Structures are given as C-alpha cells and as structure tokens.
Amino acid sequence: MTQMTDNMRAAFLMIGGMTFFALGDAIVKTTAGILPLSQMLVLRGILATAFLLGLARWMGQLSFRLPTRDWILIAIRSACEAAAAWFFLTALYHMPIANLTAILQMLPLTMTLSMALFFGEKVGWRRWAAILVGFIGMLLIVRPGPDGFTLYAMYGLATVGCVTLRDLATRHISSRAPSLTVTFFGSLSVTLFGVGLSFVEEWATFDWGWGVTVLGAAGTIILAYSLSVLTMRVGEVSFTAPFRYSGLVVALILGLVMFGDWPDPLTLLGAAIVVGSGLFTMWRERVTARAS
C-alpha cells in the first residue's frame, strides 16, 4: 500500500478544518432570533479561548515576553478579529451561508492586492488580471443595485476587509511570538468584545435547547482550530492553501440541507470565478517563489 505523504495528510486535515468551520457557522446560524449575538460570542468564546489557552500551554507555545512591536501588532490583529466576528456573524444571521462564504473567498485576492499596494510586493500582469477577474466575480455575488445588493452583503465585504488587515498584521509579527499565543489573544478579544456588546443586548433565559447548540458551536470551532494547527505542522502552506476552498463546497451543502438555501446561477458563477482566480493567484505565487 502506498504511504500517504505529509502534504496529502495536511490536505485532508485542511478539508476537515474547513468542514468544521462551516459546520460551526451553520450551527450558529440556527440560533438567529433565539440568542443575541453577544451571548453567542461570549459563551462560545469562553469555551474556545479556554481550549486555546490549554493547548498553547501544553504545546509550550504560550509566551507573554514579547517585543513591544509584536504586542502592538497582536493588538491590531485582535481588534480586527473582533470586528470581523461581528460583521461576519451579523451577516450570517441574515443571509444564506453559501453566499456569505462565497464572498469570503476573495481573501487570497485581497491579500495579494494589499501586499502589492502597501508593501511593494512585485505582482506580475497575470496576477493583476486574476485579481481583476476575481473582483468581477465578487460583483456577480453581491450584485450592487436595488435588486441584489443588501446591507448584509456589505457586512460580508467588511469581513473580508477586516480579515485582510488581520492577516497583514499577522505576517509582520516576529517569529518570537508563537502562533498559538497569537491565536489565543484573537479568540480572547472576540470574547471580550461580546462581553462589551452584552451591555446593550438583553440575554436570553437559559434553555437546554440552545445550550446544547452553543456547546455544538464551541465544539466545532475547537475541532476546526485543532485541525488547522495540525495542518500547519504537517504540510507545506503553499500546497495546502488551495484546499481552503473546500469550505465553500461544504457551505453549499449545509445551506441546502439545513436551511433550504441554494444560490442562484449568477451567484454560483461569481463564486466559481472568485475561486478560480484565487487558485490561479496561489499557483502564480508558488511559481514566482520557486523562481526567485
């Protein structure tokens, strides 16, 4: 029997992680109209943050003795994490999960664009073309205009902006800051944001039904975090990154099975264009890196 390579194992781990992220989002969506957003953020966040704290300590990746510059970048990253969580979950409560997930597939393109515009990274005409085509695909998904565009589609785009800024900050954090320490503070920031938001939202009375739902949401995100960490430790990032798009396939299936939602043909076409552009951009980045 042929032995599975590290990269193939990492690919399956990535698919598993994306599956649990999408499942967690679907579980959260079922609480719309039952739980206020702040309550979900706090309860899920406490469990996820406690897990990350324990995992970081167990793996020896919890460090508080970091350079001032790293603390500033971690603070920026954590603020973006909290803002992204609010925009994303607010949009998730009000629009189909597959449509929102399709918008988030813009991230590889916005990262490449940001690195070129703000950090002087050289981007050839092929990647510029892929970015342009990807933005055309994004317009097919959100469709600006009275019939297609909604406030919550705008929240989805705001999520992309926040996550892009978060990842830019992450790239400039030094290697002295362990990855799990950075992730822990991101999760903690979302939880604290939920605590602050709770002062303007009235929490729901405890019920075993939504209590089990919150545990399920926390459990799936914990599994997703765990698989993501394993992915980074097992395989090459350049090989595993394209498998992130498996989350869109899972979101399409969950949207149909759990909520009876299926994107219209234009949205599916836009999602396919965005994914294709993102995959091409990743491939060109890999080719350029090897050449240099």
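Throughout, numbering of the chain's residues begins at 1 and tracks the sequence. Everything numeric in this text was worked out from a predicted model, so none of it was measured.
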**Student:** State whether the side chain of T181 and the backbone N or O of Q61 hold a donor-acceptor pair below 3.5 Å, judged by distance alone.
**Tutor:**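 Indeed, once roles are kept as given, a pair shorter than 3.5 Å links the two residues.
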**Student:** Any donor-acceptor pair under 3.5 Å linking the side chain of S198 with the backbone of V195?
**Tutor:**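 Yes; at least one donor-acceptor contact below 3.5 Å.
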**Student:** Return yes when atom CZ of F64 has more than 12 non-hydrogen atoms of other residues, nucleotides or ligands closer than 6.0 Å, and no otherwise.
**Tutor:**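 Count over threshold, so yes.
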**Student:** Start with the C-alpha distance between H94 and Y155, add both sets of side-chain angles, then the distance that settles side chain to side chain contact (heavy atoms under 4.5 Å, CB included), and finish with yes or no.
**Tutor:** CA-CA 10 Å; H94 295 90; Y155 281 9; over 6 Å; no
**Student:** As a test of understanding, state which of L132, V133, T112 forms a side-chain contact (heavy atoms from CB on, under 4.5 Å) with S277.
**Tutor:**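 Of the listed residues L132, V133, T112, the side-chain contact (heavy atoms from CB on, under 4.5 Å) partner of S277 is V133.
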**Student:** Using a 3.5 Å distance criterion without hydrogens, assess whether the side chain of E201 forms a donor-acceptor pair with backbone atoms of S38.
**Tutor:**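 Yes, because the side chain of E201 sits within donor-acceptor range (under 3.5 Å) of the backbone of S38.
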**Student:** Which residues pass the ring-ring contact (aromatic ring centres under 6.0 Å, His included) test with W128, sequence neighbours left out?
**Tutor:**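 Here no residue qualifies.
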**Student:** Step by step, work out the side chain to side chain contact (heavy atoms under 4.5 Å, CB included) result for W262 and L252.
**Tutor:** CA-CA 7 Å; W262 186 256; L252 283 166; 4.0 Å; yes
**Student:** So which heavy atom on A271 is nearest to which on L248, and how close?
**Tutor:**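 Taking every non-hydrogen atom into account, CB-CD2, 4.1 Å.
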**Student:** Where do R77 and G186 come nearest, in terms of heavy atoms and distance?
**Tutor:**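 Taking every non-hydrogen atom into account, NH1-CA, 4.1 Å.
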**Student:** I'd like to check M111 versus R171 (side-chain heavy atoms, cut-off strictly below 4.5 Å). Are they in contact?
**Tutor:**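 Yes, side chains in contact.
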**Student:** Decide whether T281 and R127 meet the rule of one side-chain donor and one side-chain acceptor closer than 3.5 Å.
**Tutor:**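 No donor-acceptor contact under 3.5 Å links the two side chains.
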**Student:** Can you find a pair of side-chain heavy atoms, one from M115 and one from L168, that are under 4.5 Å apart?
**Tutor:**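 M115 vs L168: side chains touch.
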**Student:** Please determine whether residues M258 and V250 belong to a single hydrophobic cluster, defined as Ile, Leu, Val, Met, Phe, Trp and Tyr linked transitively by side-chain heavy-atom distances below 4.5 Å.
**Tutor:**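 Same hydrophobic cluster.
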**Student:** Do the non-hydrogen side-chain atoms of L223 and F51 ever get within less than 4.5 Å of each other?
**Tutor:**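 SC-SC contact between L223 and F51 ruled out.
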**Student:** Is Q39 close to W210 at the side-chain level, that is, under 4.5 Å between some pair of heavy atoms?
**Tutor:**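 Side-chain contact under 4.5 Å: yes.
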**Student:** Tell me, do W86 and F193 make a side-chain contact under 4.5 Å, heavy atoms counted?
**Tutor:**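 The answer is yes, as the side chains (C-beta and beyond) meet within the 4.5 Å cut-off.
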**Student:** Taking atom CG of L227 and atom CE of M18, what is their separation to the nearest 0.5 Å?
**Tutor:**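 So the CG of L227 and the CE of M18 are separated by 9.0 Å.
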**Student:** Please report the interatomic distance CD1(I97) to CG(L256), rounded to the nearest 0.5 Å.
**Tutor:**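 That separation rounds to 12.0 Å.
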**Student:** Evaluate the criterion side chain to side chain contact (heavy atoms under 4.5 Å, CB included) for residue pair W283 and R126; output intermediate values, then yes/no.
**Tutor:** CA-CA 11 Å; W283 174 72; R126 295 178 182 84; 5.9 Å; no
**Student:** Can you tell me which residue among I141, L92, L89 is in a side-chain contact (heavy atoms from CB on, under 4.5 Å) with L100?
**Tutor:**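 Running side-chain contact (heavy atoms from CB on, under 4.5 Å) over I141, L92, L89 with L100 returns exactly one hit, L92.
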**Student:** Taking side chain as C-beta onward, heavy atoms only, is F259 less than 4.5 Å from P96?
**Tutor:**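 SC-SC contact between F259 and P96 ruled out.
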**Student:** Start with the C-alpha gap between F88 and L104, add the side-chain angles, then the distance that decides, and say whether side chain to side chain contact (heavy atoms under 4.5 Å, CB included) holds.
**Tutor:** CA-CA 10 Å; F88 176 78; L104 296 187; 3.4 Å; yes
**Student:** If I compare all heavy atoms of L279 with all of P242, which pair ends up nearest, and what's the gap?
**Tutor:**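 Closest approach of L279 to P242: CD2-CB, 3.4 Å.
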**Student:** Hey, do the aromatic rings of W71 and F185 have their centres closer than 6.0 Å?
**Tutor:**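 Yes, the ring centres sit under 6.0 Å apart.
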**Student:** Parallel under 30°, tilted from 30 to 60°, perpendicular over 60°: which one fits the rings of W208 and F206?
**Tutor:**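 Judged by the thresholds at 30° and 60°, the geometry between W208 and F206 is perpendicular.
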**Student:** To the nearest 0.5 angstrom, please state how far the OG atom of S246 sits from the CD1 atom of I15.
**Tutor:**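 If we round to the nearest 0.5 Å, S246:OG and I15:CD1 are 5.0 Å apart.
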**Student:** Starting from I76, can I reach F184 by hopping between I/L/V/M/F/W/Y residues whose side chains sit under 4.5 Å apart?
**Tutor:**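 Per the 4.5 Å side-chain linkage, F184 and I76 are not co-clustered.
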**Student:** Working to the nearest 0.5 angstrom, can you tell me the gap between H172 NE2 and D167 CG?
**Tutor:**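 Rounded to the nearest 0.5 Å, the NE2-CG separation comes out at 12.0 Å.
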**Student:** For the pair Q105 (side chain) and T101 (backbone), establish whether a donor and an acceptor sit closer than 3.5 Å, ignoring hydrogens and angles.
**Tutor:**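 Yes, the answer is positive, given that a donor and an acceptor are paired below the 3.5 Å cut-off.
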**Student:** Show which residues join I253 in its hydrophobic cluster (side-chain heavy-atom contacts under 4.5 Å, direct or indirect), or state none.
**Tutor:**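 Members besides I253, by chain and number: V249, V257.
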**Student:** Taking only residues at least two apart or on different chains, which pairs with a member in residues 250-276 satisfy salt bridge (charged side-chain N to carboxylate O under 4.0 Å, His left out)?
**Tutor:**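 As it turns out, the salt bridge (charged side-chain N to carboxylate O under 4.0 Å, His left out) pairs with a partner in residues 250-276, which skip direct neighbours, are R143-D264.
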**Student:** Please name the pair of heavy atoms, one in L35 and one in A204, separated by the smallest distance, quoted to 0.1 Å.
**Tutor:**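 Smallest heavy-atom distance, with atoms named: CD2-CB, 3.9 Å.
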**Student:** Go through the structure and list residues passing salt bridge (charged side-chain N to carboxylate O under 4.0 Å, His left out) with R166, not counting sequence neighbours.
**Tutor:**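 Only E81 meet the salt bridge (charged side-chain N to carboxylate O under 4.0 Å, His left out) criterion with R166.
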**Student:** Taking all non-hydrogen atoms of both residues into account, name the closest pair between V190 and A85 and its distance.
**Tutor:**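 Minimum heavy-atom separation between V190 and A85: CG1-CB, 3.9 Å.
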**Student:** Hey, what do you get for OG1 (T164) to CE (M106), rounding to the nearest 0.5 Å?
**Tutor:**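 The CE atom of M106 is 8.5 Å from OG1 of T164, to the nearest 0.5 Å.
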**Student:** Would you say L165 and L107 are hydrophobically clustered, going by side-chain heavy atoms of ILVMFWY under 4.5 Å?
**Tutor:**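 In one cluster with L165: L107, no.
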**Student:** Return each pair, listed once, that meets salt bridge (charged side-chain N to carboxylate O under 4.0 Å, His left out) where at least one residue sits in residues 25-47; pairs must be two or more places apart or across chains.
**Tutor:**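 Non-adjacent pairs meeting salt bridge (charged side-chain N to carboxylate O under 4.0 Å, His left out): zero.
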**Student:** So do I103 and N99 actually touch side chain to side chain, heavy atoms under 4.5 Å?
**Tutor:**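 No, their side chains stay 4.5 Å or more apart.
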**Student:** Report the residues that fulfil side-chain hydrogen bond (donor to acceptor under 3.5 Å, both in side chains) with Y93, sequence neighbours left out, ordered by chain and then residue number.
**Tutor:**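 Expected list: T31.
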**Student:** Between V163 and A84, which heavy-atom pair has the shortest distance, and what is it?
**Tutor:**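 Closest pair (atom of V163, atom of A84, distance): CG2-CB, 3.8 Å.
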**Student:** Can you get from L43 to L47 by hopping between Ile, Leu, Val, Met, Phe, Trp and Tyr side chains that sit under 4.5 Å apart?
**Tutor:**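 L43 does not cluster with L47.
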**Student:** Are any side-chain N or O atoms of T267 and backbone N or O atoms of P263, one a donor and one an acceptor, separated by less than 3.5 Å?
**Tutor:**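 No; judged by distance alone, with no hydrogens or angles, the pair does not exist.
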**Student:** For T49 and S187, which I'm curious about, is there any donor-acceptor pair between the side chains at under 3.5 Å?
**Tutor:**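 Yes, because at least one side-chain N or O of T49 sits under 3.5 Å from a partner of the opposite role on S187.
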**Student:** Decide yes or no for V182 and P178: does some side-chain heavy atom of the first lie under 4.5 Å from some side-chain heavy atom of the second?
**Tutor:**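 No, too far: nothing below the 4.5 Å cut-off.
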**Student:** Side-chain heavy atoms nearer than 4.5 Å, only ILVMFWY residues, links allowed to pass through others: does that put V212 and I34 together?
**Tutor:**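 Different clusters: V212 never reaches I34 through Ile, Leu, Val, Met, Phe, Trp or Tyr contacts under 4.5 Å.
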**Student:** Look up atom CG in L215 and atom CD1 in I27, then write down how far apart they are to the nearest 0.5 Å.
**Tutor:**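 Answer rounded to 0.5 Å: 10.5 Å.
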